[in-house]
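These numbers come from a predicted model, not from an experiment. Every chain is numbered from 1, with letters handed out A, B, ... down the list of sequences.
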Amino acid sequence: EAQVTQNPRYLITVTGKKLTVTCSQNMNHEYMSWYRQDPGLGLRQIYYSMNVEVTDKGDVPEGYKVSRKEKRNFPLILESPSPNQTSLYFCASSSRTGTDTQYFGPGTRLTVL
Amino acid sequence: GQQLNQSPQSMFIQEGEDVSMNCTSSSIFNTWLWYKQEPGEGPVLLIALYKAGELTSNGRLTAQFGITRKDSFLNISASIPSDVGIYFCAGLYGGYQKVTFGTGTKLQVIP
């Protein structure tokens, strides 16, 4: 079954404690992206990756890092989380750019205390 | 980043009614996308529009890419209870690599 998986689905952490949210897709997609969703703001793109070792900033990259060492994985790293990063995070992938159907993961709800 | 204004923010409609929502921007986009998100799920693509003036249907859904490339609308005809959800528009720019989402329209259908 074609899918995008994210882990964990829920996470409560404290300010400053480094964390990683994993994202994996089994569709051999080149394009992957991370979004955060906040009430009244819709989804905002954090980072995207066109292929292995190719990443670039989206609209709200501050406080986040990503890496793309393998085609299937695109982890989101918060080196020093802060409360304003409390949000619902989605990973997405598509075969080319965002013009192709993006498959979204189930979401990770992060709370930073 | 680019800004997308989506309206209305929310709608309560009677089952069977038609629905219309739109997105506008001061910026030009290369592609317009419409997504639906149900509670606890990620967004799912409904319609993609690639050319200015393009009108595309997907069942009871119809969307258009504005001729100025700065707006798009989505119509849902004869709404049913399973249409409930949040509808997002999204615009692509920057060589089709960057995506900006609208703030969403929350649709409630009263049976």
Side-chain angles (χ1 to χ4, degrees), chain A residues 2-7 9-10 21 23-25 27 29-51 54-62 66 68 87-109, chain B residues 1-10 21-25 27 29-51 54 56 58 63 65 69 72 74 85-107:
Chain A
Q3 61 181 356
V4 178
T5 57
Q6 294 179 228
N7 282 293
R9 293 290 312 277
Y10 302 91
V21 184
C23 173
S24 182
Q25 49 93 5
M27 295 166 279
H29 284 168
E30 293 175 357
Y31 182 92
M32 297 186 75
S33 186
W34 274 103
Y35 299 88
R36 62 177 288 173
Q37 183 174 22
D38 302 288
L41 296 177
L43 288 94
R44 293 178 291 169
Q45 192 175 38
I46 303 171
Y47 270 95
Y48 63 92
S49 169
M50 297 295 291
N51 213 323
V54 181
T55 64
D56 207 348
K57 298 176 181 178
D59 290 333
V60 288
E62 294 77 22
V66 293
R68 189 89 182 274
S87 187
L88 179 59
Y89 291 87
F90 287 101
C91 178
S93 75
S94 64
S95 60
R96 292 183 295 149
T97 65
T99 51
D100 281 345
T101 298
Q102 281 198 69
Y103 293 86
F104 280 80
T108 294
R109 186 165 291 282
Chain B
Q2 312 287 62
Q3 299 286 332
L4 280 182
N5 301 307
Q6 187 171 349
S7 64
Q9 282 189 332
S10 64
M21 58 191 78
N22 67 81
C23 273
T24 61
S25 176
S27 305
F29 290 95
N30 302 322
T31 298
W32 284 93
L33 307 169
W34 284 93
Y35 287 86
K36 178 187 178 186
Q37 184 180 28
E38 299 188 9
E41 306 282 336
V44 174
L45 183 67
L46 299 173
I47 293 179
L49 303 159
Y50 302 110
K51 293 193 317 185
E54 180 180 352
T56 297
N58 178 7
F65 191 146
R69 295 169 61 194
S72 177
L74 174 71
I86 303 176
Y87 292 79
F88 291 99
C89 63
L92 270 67
Y93 65 103
Y96 303 93
Q97 298 170 11
K98 296 193 175 187
V99 184
T100 292
F101 277 78
T103 51
T105 294
K106 187 173 185 178
L107 178 63

Exercise for the section: Starting at NZ of B/Lys36, measure out to CG of B/Leu74 and round the result to the nearest 0.5 Å. Expected result: 11.0 Å
Exercise for the section: Over all heavy atoms of both residues, which pair between A/Gln37 and A/Phe90 is shortest? Give the atoms and the distance, please. Expected result: OE1-CE1, 3.1 Å
Exercise for the section: Report the option among B/Glu41, B/Gln37, B/Gln9 that has the most heavy-atom pairs separated by less than 4.5 Å from atoms of chain A. Expected result: B/Gln37
Problem - A/Gln3, CD: over 12 other non-hydrogen atoms inside 6.0 angstrom - result: yes
Exercise for the section: Could you look at A/Leu43 and say if it's the side chain, the backbone, both or neither that has a heavy atom under 4.5 Å from chain B? Expected result: both
Completion exercise
So, the part of A/Arg9 with a heavy atom under 4.5 Å from chain B: the answer is side chain
Handout entry: Contact origin within B/Gln6 toward chain A - heavy atom pairs under 4.5 Å
Key = neither
Handout entry: chain B contact via A/Tyr35 - side chain, backbone, both or neither, heavy atoms under 4.5 Å
Key = side chain
Exercise for the section: Kindly assign one of parallel, tilted or perpendicular to the pair B/Phe101 and B/Phe88, based on the angle between their ring planes and the thresholds 30° and 60°. Expected result: perpendicular
Exercise for the section: Just give me the residue among B/Pro43, B/Gly102, B/Gly40 that pairs up with chain A most often, heavy atom to heavy atom, under 4.5 Å. Expected result: B/Pro43
Problem - Salt-bridge present (A/Asp38, A/Arg44; N to O < 4.0 Å) - result: yes
